[in-house]
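Structure first, then comments.
Chain letters run A, B, ... following the sequence lines, proteins first and then strands; every chain starts at 1. Scope of the values below: all heavy atoms of this structure, side chains included, with no hydrogens, waters or symmetry mates.
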Amino acid sequence: MSSSDKYEKIVDLAARRGFFWPSYEIYGGLAGFYDLGPLGALLKENIRKLWLDYFVLKHQDMVVLIETPVIAPEVVFRASGHLESFTDPIVTCSKCGKIYRADHLLEDVLGVKFEGSGPEELTSIIRGRGVKCPSCGGELEDVRTFNLLFQTNVGPYKHDVAYLRPEAAQGMFTSFKRVFTSMRYSLPLGIAQVGRVARNEISPRQGMVRLREFTIMEVEFFFDPEEPGEPDFSRFPGKLRILTAEARSRGLDEVIEVKPEEAVAEGIIMNKWLAYWMSVAQAFARELGLSDDEVLFEEKLPEERAHYSRQTFDQLVSISRWGWVEISGHAYRTDYDLSRHMRFSGEDMTVYKELKKPVETVTRKVVINQELLKELFGADAPKITQALKNLRVDEAEKIIKEGGTIIEGFKIPSEALRIEEVKEIARGRRFVPHVVEPSFGAERLLLVVLDKAYTEESGRVVLKLPPKLAPYKLAVFPLIPKEESLKTIAKKIYNDAIKAGLTAIYDENGSIGRRYARVDEIGVPYAITIDYQTIEDNTATIRFRDTKEQIRIKTDEIIKWILNKLS
RNA sequence: GCGGCGGUCGUCUAGCCUGGUCUAGGACGCCGGCCUCCCAAGCCGGAGAUCCCGGGUUCGAAUCCCGGCCGCCGCACCA
C-alpha cells in the first residue's frame, strides 16, 4: 500500500463512516472547509480532552482555561501586528499569470527596500520604472493587497470593521489583566483556550491539513523574564529530537537528540519554559499514538518566523501522502504582544513584583541653583533653567570643571550647577511579562491520529485508535439476535455502559463476523458478545480489536473492567 | 491565482472516444427476511444516481462545446 493509497483510503473511510468530509458538498463544496461527522466530532472531543488534561489540568496550579470571541475589532489586529504582517502586496503578471510579492519583486529588481509601501505607491513605482514580469517579461497588473484575515463588519455601519481571529492568542493578551488579577497576581501564569480560528489561505490544498477555518488549542504562558522560575523537567522525561535553524541554514538535516533542560543549557532552546512546553507536547504526542522517533521539532529560520516570535519550533509528524506535517508551533513571543496592546490601548499591562529585599540605589543628579540664576539674569532666568534642565550628569560635570559655559549668549558660572547624590529605595519593580506559546491544530491532530491508527488485516480495515481516543469504547452484540434472552442481556449491558458515561454501540444486524468488522473499522477497542453460556453462568466474552483475542468475564463486571482500562 | 488531468448510487466502477438501444448496468456496503452460538458465509427481497453546477449545439446530451465549482499534480502562496 503506497502512502498515497493509504491517504485515499483514510479519506474514503472518513467520509463513508462519518469522521469528516468536505463542507457544503451539495453545492459543490468550498475549498478549505471540512465538516466533522458523528465519529469525527467524538474523536475531536477526545483529542481536546486529552490536550486539556496535559496542558491545563496537569498544570492547574499555573494554567487556566478561558474563552474569548472569534470576532475582534480592527484595532486588536492593528496592535497585534496582523494587519501589517498578515497583508501581502501582490502583483499578477497579465501574460503568464504568475503572482509576486510586489515589494519583494521591486527589492530584487531595484535593490531598494520597499517594505511597508502601499499598493498605489508600489504600482506607480512599477509603472514609472517599467518593471516587467521577471519570468516572461509580460506587463504587470496593478498591485493589490492580499490579507489572510477574514474581514467582516459589526453592526449596520460599514466602517465598523472587524476581523475573524487567525489565532486564539489575542484573546488571552487582551484579557490578560483580568485573568491575572483573578488569579491573585501570580506568575508564571498560563492562559489556555480552545476555539475556532480562520485564515483566508490563498490556495488551500492538502485536504484536512490546511483549512481556512479550524480549531486551535493554545496556551499563552506568561512569566517574569528576569526570574522565570524553574520548570519541573522530571515530569515529562525523555529527549527531544531537534533540527536546528543553524543546521538547516547550512543545508543539513542533522537531527540532534537532547533532553529539554540540556537544550536550554546549550543554548539550543532560548527559553526554559519554551523547552518545558515542548516536553509536554512530546508526551502529549505519545498519547496520540506517536512514538518519539516519529516526532521532530524543527526550528524555524528567521525569515520563516512570525513577526512576533524570537524563536519558533514546529512540532512535525510524518504522515502518509503529505510527509512531515506541523501539528504544533512553539513560539517565544517575548513581551511583543502585551507591549503592543499597552501602546495601542493605553492600558498598563505591566506586572508589579516586590523585591525580596528593598534595593537602595544611589544616583547622581544635576541640581540647578535657581536663586543664583535669578540674581544674575532676572527675567531671563527661566529660559536658562529650561536649557540647563536636560543636561546629563557628565555634561554638567564638564561645565563645572571648565568653570562655566555660555548658553544663549549668557555666561553661566560654574556655581550655577552642582552634582548631588540621591538615595532611592526600590521596593519592587514593574515589567511586561514574557510569553511562550504552544499551539496545536485540532483537525490536523485528528488526521494524524487516523493515519497512525489505520491498518488493514486481510482486506479488512482495523482502526487501532488508542482506547482513550476511540469515539466508541465498546460494542455489545447478542450472538443470535432472534434469541430474545440474549438480546435482553445485551441491551442491559449497553444501557449500563451509557449510564456509566461510556459511548457504546448495540448491533444485532448480520453475522457476528460482520459486526466485528464494522466496529473494527471505526476503532471500537472492545466488543462484548452475549452467547448461550451467558444464560448459564452470567459471563460474556470481551473481544479485543487489535489481537482478536477473547476473554470471559462476569457480565456485571464488564463496565467496571472497561472503565478501569480507560483510566 | 496560472497550467495539466479528473468529477456517474454511500464506496469502487461500466457506459463517454464513435450522441438515440441508458427508464444509467455491476460489485461492495446499507436496510428487511430466512439461516447461523464467534470473525465482512449463504439464500430471498428492498432502498439508493440533480450522470458536479450553469449555459450552448442538436429532433435528441452522462456522452460534443463554453463558463463555473470542487479535487489531484506542477508553479506561485503558506505570518
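Minimum heavy-atom separation, A:V462 to A:T455: O-OG1, 2.6 Å.
In summary, A:K9 and A:E456 engage in a salt bridge, as defined by a charged side-chain N under 4.0 Å from a carboxylate O. A salt bridge links A:D520 with A:R543: at least one charged nitrogen is closer than 4.0 Å to a carboxylate oxygen. For A:R210 and A:E326, the salt-bridge test fails: no basic side-chain N is under 4.0 Å from an acidic carboxylate O. Taking 4.0 Å as the cut-off between side-chain N and carboxylate O, A:E218 and A:R196 do not count as a salt-bridged pair.
Under the salt bridge (Lys or Arg N to Asp or Glu O under 4.0 Å) test applied with A:E521, the options A:R17, A:R514, A:R460 reduce to a single match, A:R17.
A:Y506 and A:Y494 have tilted rings, their planes meeting at an angle from 30° to 60° on a 0 to 90° scale.
When only modelled atom types and interatomic distance are considered, A:R321 and A:Q206 share no side-chain donor-acceptor pair under 3.5 Å. Side-chain N/O atoms of A:Y532 and A:E483 include a donor and acceptor closer than 3.5 Å.
Across residues 31-39 of chain A, A:A31 each have a non-hydrogen atom less than 4.0 Å from an atom of RNA chain B (numbered order).
Residue A:Y7 contributes atom OH, which lies 9 Å from atom P of B:C73 at whole-angstrom precision. Here B:A79 presents its P atom at 23 Å from CZ of A:R78, a figure rounded to the nearest Å.
Taking the centre and axis of the six-membered ring of A:Y308, the NZ or CZ atom of A:R333 falls inside the cone set by 45° and 6.0 Å.
Heavy atoms of A:P481 sit under 4.0 angstrom from at least one base atom. Heavy atoms of A:G81 sit nowhere under 4.0 angstrom from any nucleic acid atom. Here A:D12 lies in heavy-atom contact (under 4.0 Å) with sugar-phosphate atoms only. At the heavy-atom level, A:R518 lies under 4.0 Å from the strands shown only through sugar-phosphate atoms. Counting non-hydrogen atoms under 4.0 angstrom, A:T541 reaches a base of the nucleic acid. Within 4.0 Å of A:R305, counting heavy atoms only, lie sugar-phosphate atoms of the nucleic acid but no base atom. Within 4.0 Å of A:R16, counting heavy atoms only, lie sugar-phosphate atoms of the nucleic acid but no base atom. Using a 4.0 Å heavy-atom cutoff across all strands shown, A:D520 reaches no nucleic acid atom at all.
On a pure distance criterion of 3.5 Å, no polar donor-acceptor pair joins the side chain of A:R515 and the base of B:C38. Interface remark: the A:Q550 side chain does form a donor-acceptor pair with the B:C38 base, using a distance-only criterion of under 3.5 Å. No N or O donor and acceptor, one from the side chain of A:S511 and one from the base of B:C39, sit under 3.5 Å apart.
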Can you tabulate the close N/O pairs, meaning under 3.5 Å, that link protein atoms to atoms of nucleotides 42-50 of chain B?
{"from": "B:U50", "atom 1": "O4", "to": "A:I26", "atom 2": "O", "distance (Å)": "3.1"}

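If A:W322 and A:R210 are placed on RNA chain B by their nearest nucleotide, the residue sitting closer to the 5' end is A:W322. For the pair A:A306 and A:E549, nearest-nucleotide mapping onto RNA chain B gives the more 5' position to A:E549.
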